[in-house]
Amino acid sequence: MKVALAIHGGAWNVPDDELQDHQAGIARVLQHGWQLLAEKASALDAVTAVVRMLEDDPLFNAGTGSHLNRLGKVELDASIMEGDDLQAGAVAAVERIRNPVQLARAVLERSDHVLLVGKGARRFAREHGLPECRARDLLVGRARETYMRIRAGETDLIATEFAPSNDDPAAAGPEHMGTVGAVARDASGCIVAATSTGGTLDKYPGRVGDSPLIGSGTYADSQLGGASCTGWGEGIIRVVMAKSTIDRIAAGAGLDAAANAALQDLSRVGGRGGMILIDHRGQPAAAFNTPRMARGLACLEEGMRVGVDSSMETIS
Ligand code: ASP
């Protein structure tokens, strides 16, 4: 069976001067995940490990480095789905958890539920030995600065989160974004997908995006494929982006055609975003309609490739 890995660090308007950092961050995590799969790690373990690494990298808007909500708090969303048995776990609007993907996995493995939110999710974390961190451990200076700028009236930072208002990729964009996600297919053919995020800029307290919603931000079926989405969650939810893409693959569409059709659906509701996917044969792909998306793809035929704008570079 062909192993494959796809990861992303968010689809948005990545500024020129951060392109190298995002590409390097993605490359490091892709190399580690690809090594794990080569050493016969399960897709569940590989995806959990790479999403944890991305959550721990303060460059990305997930785990450490997440955006602040309108009240200045970090509220996190994450999900993970295993495609052999269609098992899933997710958490939403959860505070003080350093690695929400690990908590989502605990929900998958150790509860009768799929989605736990807020205080209940924290209680479940405590009961299952996942330590709480301090709120400030998740906070990085740039997230605080962005919060202060929005409070001071720079609301165009919110409007330009996924693309500059004049659609010019060179125009000034927002401060750091970058939901993270991964899809892997292991040597047994099992496909697993996961997504983790701090959500959108200036979100209302309690707001939940697509990332923890199975079918919208994340989906995996080992017989068909797996997907992790990123972008404007309010749009992604309405077009059920991950599952609708997998349904198109099931109906015979190629990976690129399926992903591009999903992005057209997203455009219908005025949304921008992107996705990574792997089909049941182990072919990875990525697509986005934002100016940029940090992404890495690895498969046996093509090796490891990373990119942030339209081109991709092969790495070893
Ligand atoms: N999809 C995420 C959300 O709406 C944000 C992102 O992907 O940047 O919460």
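Note that ligands are numbered from 1 as they come in the structure, with each ligand's atoms numbered from 1 the same way.
Judged purely by distance below 3.5 Å, without hydrogens or angles, the side chains of N99 and D56 pair a donor atom with an acceptor atom.
Residues meeting the salt bridge (Lys or Arg N to Asp or Glu O under 4.0 Å) test with K203, sequence neighbours left out: none. In terms of the salt bridge (Lys or Arg N to Asp or Glu O under 4.0 Å) criterion, residue partners of R126 (sequence neighbours excluded) are, by chain and number, E132.
For G10, the heavy-atom gap to ligand 1 stays at 4.0 angstrom or more. In this structure, R207 has a heavy atom closer than 4.0 Å to ligand 1.
Taking distance alone, with nitrogen or oxygen atoms compared against 3.5 Å, A11 stays at or beyond that limit from ligand 1. The shortest N/O to N/O separation between T230 and ligand 1 falls below 3.5 Å. Among the atoms of T179, some N or O lies under 3.5 angstrom from an N or O of ligand 1.
Per-residue contacts place D210 under 4.0 angstrom from the following atoms of ligand 1 (heavy atoms of the residue considered): 1 (N), 2 (C), 3 (C), 4 (O). Annotation for ligand 1: atoms under 4.0 Å from non-hydrogen atoms of G233 are 4 (O). Which parts of ligand 1 touch G199 is read off a 4.0 Å heavy-atom cut-off, strictly below it: atoms 9 (O).
Taking 4.0 Å as the cut-off between side-chain N and carboxylate O, R105 and D45 count as a salt-bridged pair. Between D202 and R151, at least one side-chain nitrogen of the basic residue sits less than 4.0 Å from a carboxylate oxygen of the acidic one, meeting the salt-bridge criterion.
Of the options L54, D21, V50, V308, a side-chain contact (heavy atoms from CB on, under 4.5 Å) to I26 is made by L54 and by none of the others.
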